[in-house]
Amino acid sequence: MNAIKYMQILEDLKEQIELGGLAPGDMLPSENSLSANYGVSRMSARKALLLLSEKGYIYSVPGKGYFVNEPRYNKHILYFDETDFIKRYVENIKLHQVDIITAPEDVAAELGLARSKKVILIKNILFNEDEVPIAIDTKYLPYDRGQPNIEDEIGYATFPEIITNQVSLFSVKKELKIWPEISDKELNKILGLKESCPLLVIEQKCISKDDKPIAWGLMHIKKDYGRLFAVSAL
């Protein structure tokens, strides 16, 4: 019953905030008051308030209580899901290159490796339903002699799929950077472009819980498919 009740408290307060019944700066009822009004333990009332705080609806002032937060319409949460991008636009994926190479300077820097260290390079070309290349995906992983033969096993995999055998995904942090870039001759050839044109570049890095980079890569996407989605945060 308590589990249901704390969710009821959370939803009731959330609705009041969203409908304007509780305005930014207003003080919320105390834990004791919520506990008495809803007939639940003080612990359940506290849990509802903590969840509202985590969602950004309210904030706490030590010794005073909880207050309604100001909406942050100028702050946006950006969504980029590699798997969703593939499901939406990609019909076929072809392995372009897989190799073990000495880490180039930029790759070594991103993965925190010495220049003499080896990395696994994996390049895949992504095609639409008309078999037209729309993106090239390049991934780098530190090379470990004890790993299985990558050429035989990897095919195409998203970052989570690549690292899932090394670490728990719950312990991995992912960094994302996005920028426009004009294609060069190599990209023009791979993507079937007659001349240089704008591409969207998605840089992804996976970092372990001890802040060690475990995978890094770039996805170059043709401009017609480089659409990103963001929503305003509370």
Side-chain angles (χ1 to χ4, degrees), residues 75-143 149-164 172-207 213-231:
K75 180 179 179 180
H76 291 73
I77 298 174
L78 177 66
Y79 294 89
F80 175 76
D81 186 320
E82 190 177 349
T83 303
D84 183 64
F85 171 80
I86 291 167
K87 288 180 179 178
R88 186 183 298 268
Y89 298 117
V90 178
E91 185 67 26
N92 190 21
I93 299 172
K94 295 180 181 178
L95 182 64
H96 181 69
Q97 180 183 0
V98 59
D99 208 349
I100 297 172
I101 63 172
T102 300
E105 185 175 355
D106 58 337
V107 176
E110 294 293 345
L111 291 175
L113 302 172
R115 281 289 305 276
S116 60
K117 292 293 185 180
K118 300 287 187 180
V119 293
I120 301 165
L121 164 65
I122 306 161
K123 284 189 179 183
N124 285 279
I125 303 176
L126 285 57
F127 296 82
N128 65 11
E129 59 184 5
D130 298 318
E131 285 298 308
V132 175
I134 63 173
I136 179 164
D137 180 75
T138 306
K139 291 183 172 75
Y140 298 92
L141 296 88
Y143 173 63
N149 191 326
I150 293 296
E151 288 111 325
D152 293 338
E153 297 195 9
I154 194 114
Y156 181 82
T158 61
F159 267 119
E161 292 168 331
I162 284 179
I163 65 176
T164 191
V172 174
K173 179 176 70 175
K174 192 172 180 181
E175 292 182 352
L176 190 73
K177 296 180 183 178
I178 303 166
W179 67 88
E181 186 176 292
I182 300 298
S183 61
D184 57 21
K185 289 182 178 180
E186 181 183 358
L187 288 170
N188 288 345
K189 182 178 179 180
I190 294 172
L191 294 175
L193 299 170
K194 295 181 179 179
E195 58 184 20
S196 295
C197 69
L199 301 174
L200 184 69
V201 183
I202 307 288
E203 176 188 322
Q204 299 180 80
K205 182 189 290 186
C206 292
I207 303 170
I214 51 181
W216 179 75
L218 301 169
M219 183 181 289
H220 291 79
I221 306 172
K222 284 183 175 179
K223 60 183 179 66
D224 292 339
Y225 298 88
R227 297 189 179 99
L228 301 173
F229 174 66
V231 295

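All of these numbers come straight from a predicted model, not from anything done at the bench. Every heavy atom of this structure was used, including side-chain atoms; hydrogens, water molecules and symmetry mates were not.
- Here Asp224 pairs with nothing under the side chain to side chain contact (heavy atoms under 4.5 Å, CB included) rule; sequence neighbours left out.
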Atom pairs and distances, side-chain donor-acceptor, residues 184-197, under 3.5 Å, sequence neighbours left out:
unit_1: Asp184; atom_1: OD1; unit_2: Glu186; atom_2: N; d: 3.3
unit_1: Asp184; atom_1: OD1; unit_2: Leu187; atom_2: N; d: 2.8
unit_1: Glu186; atom_1: OE2; unit_2: Lys123; atom_2: NZ; d: 3.2
unit_1: Asn188; atom_1: OD1; unit_2: Ser183; atom_2: OG; d: 2.5
unit_1: Asn188; atom_1: ND2; unit_2: Asp184; atom_2: O; d: 3.3
unit_1: Asn188; atom_1: ND2; unit_2: Ser196; atom_2: OG; d: 3.3
unit_1: Ser196; atom_1: OG; unit_2: Ser183; atom_2: O; d: 2.8

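- Contact check for Ile214 versus Leu141: no side-chain heavy atoms found under the 4.5 Å cut-off.
- The shortest side-chain heavy-atom distance between Asn128 and Tyr225 falls under the 4.5 Å cut-off.
- Taking Phe127 as the reference, nothing meets the ring pair (Phe, Tyr, Trp, His ring centres under 6.0 Å) condition, with sequence neighbours excluded.
- Residues forming a side-chain hydrogen bond (donor to acceptor under 3.5 Å, both in side chains) with Lys118 (at least two apart in sequence, or on another chain): Thr102.
- Closest approach of Ala114 and Ala108 over heavy atoms only: O-CB, 4.2 Å.
- To the nearest 0.5 Å, atom NE2 of residue His96 and atom CD1 of residue Ile122 are 13.5 Å apart.
- Between the side chain of Asp130 and the main chain of Val132, no donor-acceptor pair closer than 3.5 Å is present.
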Could you go through residues 175-182 and list every donor-acceptor pair under 3.5 Å that involves a side-chain atom there, pairing it with any protein atom two or more places apart or in another chain?
unit_1: Trp179; atom_1: NE1; unit_2: Glu181; atom_2: OE1; d: 3.1
unit_1: Glu181; atom_1: OE2; unit_2: His220; atom_2: NE2; d: 3.4

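- When all heavy atoms are compared, the tightest approach of Arg115 to Pro104 is NE-C, 4.0 Å.
- Side-chain contact between Asp137 and Glu82: present, with at least one pair of heavy atoms (C-beta onward) separated by less than 4.5 Å.
- Atom CZ of Phe85 and atom CD1 of Ile202 lie 8.5 Å apart (nearest 0.5 Å).
- The list of salt bridge (charged side-chain N to carboxylate O under 4.0 Å, His left out) pairs with a residue in residues 84-96, not counting sequence neighbours, reads Asp84-Arg88, Lys94-Glu131.
- Among residue pairs with one or both ends in residues 104-114, those qualifying as side chain to side chain donor-acceptor pair (under 3.5 Å) are Glu110-Lys205; sequence neighbours excluded.
- Between Ile86 and Ile93, some side-chain heavy-atom pair lies under the 4.5 Å cut-off.
- Once rounded to the nearest 0.5 Å, the distance linking CE of Met219 with CG of Asn124 reads 9.0 Å.
- The heavy-atom pair separating Ala103 from Val119 by the smallest distance is CB-CG1, 3.8 Å.
- Heavy-atom minimum distance, Pro133 versus Ile125: CB-CG2, 3.8 Å.
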